[in-house]
Amino acid sequence: MSYTLYGQSGFGSVCVEAALELLGLDYEFVEADPLGDEANRRRVTAINPVGQVPALILPDGSPMTESAAILTYLGDLHPGAGLVPAPDAPERAQYLRWMSFLSASIYSTFTLSDDPSRYHPDPEVQEALRHSANERRKAMWTIMNEAFEGCAGPCLLGANMSFLDVYVAMMSFWSPRRDWFEANCPHLAGAVHALERNPVIKRVWARNYDAEALA
Ligand SMILES: N[C@@H](CCC(=O)N[C@@H](CS)C(=O)NCC(=O)O)C(=O)O
């Protein structure tokens with residue numbers, strides 16, 4: 001029995017793809033663009049009524065959504081890999097804090113900026129909302145960056161790579177994009193660079209990001 005991951009190149013499914021690869025788990029990838037044509041969107045809503053990816057079918061056939069929860073679930077199922085701190089590990093609280101922060105305060109801003117018509121019918125208001133969401137995202141990155149100032153590294157939680165590094169690295173490619181992230185989040189960027197030296201991550205990134213983004 002294996003996993004089935006619904007996603008789209010460069011989208012939020014990248015972190016789950018990376019997790020499955022890092023854990024060496026068997027999975028099938030089903031391309032499903034939640035912002036694409038009707039057939040694509042139907043493939044997504046059949047699994048996730050919210051119409052968002054990533055969506056993962058577990059080996060028992062049940063669906064799971066919400067990227068931060070999926071990463072934590074998979075990591076907890078495979079404690080030997082050390083990619084999610086154990087419940088009693090000193091790093092666990094910070095891991096949970098920042099995974100939730102990324103999901104709730106950064107990832108969620110894209111639900112607004114990708115399609116502000118969901119929030120208001122007036123195109124002028126939509127533009128203002130998109131702008132606010134983009135600014136809010138930068139402010140949230142700045143808060144997280146400052147919280148990691150002085151951390152020992154090389155990874156966000158210390159010596160060992162975790163899915164928190166993967167989650168931050170994936171979002172670093174999204175608007176306001178990698179150049180902004182490198183210039184404004186130096187206390188996070190070091191861990192992203194360390195993660196990106198991992199050969200499994202290199203392979204997953206090459207499948208999802210174009211050469212220019214990886215330069
Ligand atoms: N809270 C969700 C957010 C997922 C999400 O926003 N995914 C984007 C792609 S990166 C999406 O499917 N957007 C389409 C939409 O919101 O309609 C998670 O963490 O998995």
Side-chain angles (χ1 to χ4, degrees), residues 1-89 91-104 106-108 110-111 155-157 160-171 173-174 192 195-196 198-209:
M1 293 294 271
S2 76
Y3 293 87
T4 306
L5 173 60
Y6 286 72
Q8 179 70 13
S9 172
F11 281 35
S13 45
V14 174
C15 64
V16 180
E17 187 181 335
L20 292 163
E21 294 274 351
L22 286 165
L23 294 170
L25 301 174
D26 214 32
Y27 70 98
E28 184 195 347
F29 185 83
V30 177
E31 206 169 293
D33 181 352
L35 302 171
D37 62 16
E38 188 57 32
N40 267 284
R41 282 186 277 124
R42 260 205 304 272
R43 269 204 295 284
V44 179
T45 48
I47 316 289
N48 181 5
V50 182
Q52 294 181 331
V53 297
L56 186 69
I57 306 291
L58 304 180
D60 70 0
S62 58
M64 184 164 187
T65 62
E66 297 304 323
S67 51
I70 293 171
L71 295 186
T72 305
Y73 173 75
L74 292 175
D76 282 350
L77 277 185
H78 300 276
L83 289 161
V84 168
D88 59 351
E91 297 85 5
R92 178 75 170 194
Q94 292 310 307
Y95 168 84
L96 288 175
R97 175 186 178 193
W98 293 110
M99 290 297 284
S100 296
F101 177 88
L102 287 160
S103 172
I106 293 185
Y107 203 163
S108 65
F110 289 96
T111 306
C155 305
L156 290 171
L157 297 177
N160 299 316
M161 167 175 127
S162 74
F163 286 160
L164 180 61
D165 300 291
V166 174
Y167 211 33
V168 166
M170 174 183 76
M171 290 188 201
F173 286 100
W174 299 346
V192 168
L195 175 84
E196 290 174 344
N198 181 293
V200 175
I201 294 294
K202 276 188 204 286
R203 204 169 64 228
V204 173
W205 268 208
R207 276 207 296 267
N208 283 283
Y209 305 116

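Keep in mind the model is a prediction, meaning the values are calculated, not measured.
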Point to revise | Derivation and outcome, side chain to side chain contact (heavy atoms under 4.5 Å, CB included), residues Tyr73 and Leu58 | key: CA-CA 11 Å; Tyr73 173 75; Leu58 304 180; 4.0 Å; yes
Point to revise | With Leu56, the side-chain contact (heavy atoms from CB on, under 4.5 Å) member among Thr65, Thr4, Leu20 | key: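 Only match with Leu56 under side-chain contact (heavy atoms from CB on, under 4.5 Å): Leu20.
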Practice item. Report the residue from Val14, Ile106, Val192 that forms a side-chain contact (heavy atoms from CB on, under 4.5 Å) with Met171. Key: Ile106
**Study point:** Distance flag, aromatic centroids of Trp174 and Tyr107, threshold under 6.0 Å
**Key:** yes
Check your understanding: Just how far is it from atom CZ of Arg42 to atom CD1 of Ile47, taken to the nearest 0.5 Å?
Key ->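 So the CZ of Arg42 and the CD1 of Ile47 are separated by 13.5 Å.
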Check your understanding: For the residue pair Ala19 and Phe163, what are the closest heavy atoms and their distance?
Key ->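 Smallest interatomic distance, heavy atoms only, reads CB-CZ, 3.5 Å.
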**Study point:** Heavy-atom pair of closest approach, residues Asp165 and Cys155
**Key:**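 That closest heavy-atom pairing would be OD2-CB, 3.7 Å.
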Point to revise | Any Leu164 side-chain heavy atom under 4.5 Å of Leu71 side chain | key: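 SC-SC contact between Leu164 and Leu71 ruled out.
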Check your understanding: Side chains of Leu157 and Trp98: does their closest heavy-atom pair fall under 4.5 Å?
Key ->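 The answer is no; the side chains never approach within 4.5 Å.
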Point to revise | Intermediate values then yes/no, side chain to side chain contact (heavy atoms under 4.5 Å, CB included), Val166 and Cys15 | key: CA-CA 6 Å; Val166 174; Cys15 64; 4.0 Å; yes
Check your understanding: Quick check: does any side chain N or O of Thr45 sit under 3.5 Å from a backbone N or O of Gly51, one acting as donor and the other as acceptor?
Key -> no
Review point. Is there a donor-acceptor contact under 3.5 Å from the side chain of Ser103 to the main chain of Met99?
Key: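 Not confirmed, Ser103 side chain does not pair with Met99 backbone.
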Check your understanding: Tell me the side-chain hydrogen bond (donor to acceptor under 3.5 Å, both in side chains) pairs involving residues 21-33, sequence neighbours left out?
Key ->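 As it turns out, the side-chain hydrogen bond (donor to acceptor under 3.5 Å, both in side chains) pairs with a partner in residues 21-33, which skip direct neighbours, are Glu21-Tyr27, Glu21-Arg203, Glu21-Arg207, Tyr27-Arg207.
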Exercise for review: Start with the C-alpha gap between Ser9 and Asn208, add the side-chain angles, then the distance that decides, and say whether side chain to side chain contact (heavy atoms under 4.5 Å, CB included) holds.
Suggested key: CA-CA 5 Å; Ser9 172; Asn208 283 283; 3.9 Å; yes
Revision key, fill the gap. Taken in chain and number order and not counting sequence neighbours, the residues that satisfy salt bridge (charged side-chain N to carboxylate O under 4.0 Å, His left out) with Arg97 are none
Exercise for review: Decide yes or no on side chain to side chain contact (heavy atoms under 4.5 Å, CB included) for His78 and Leu25, but give the supporting numbers first.
Suggested key: CA-CA 10 Å; His78 300 276; Leu25 301 174; 3.6 Å; yes
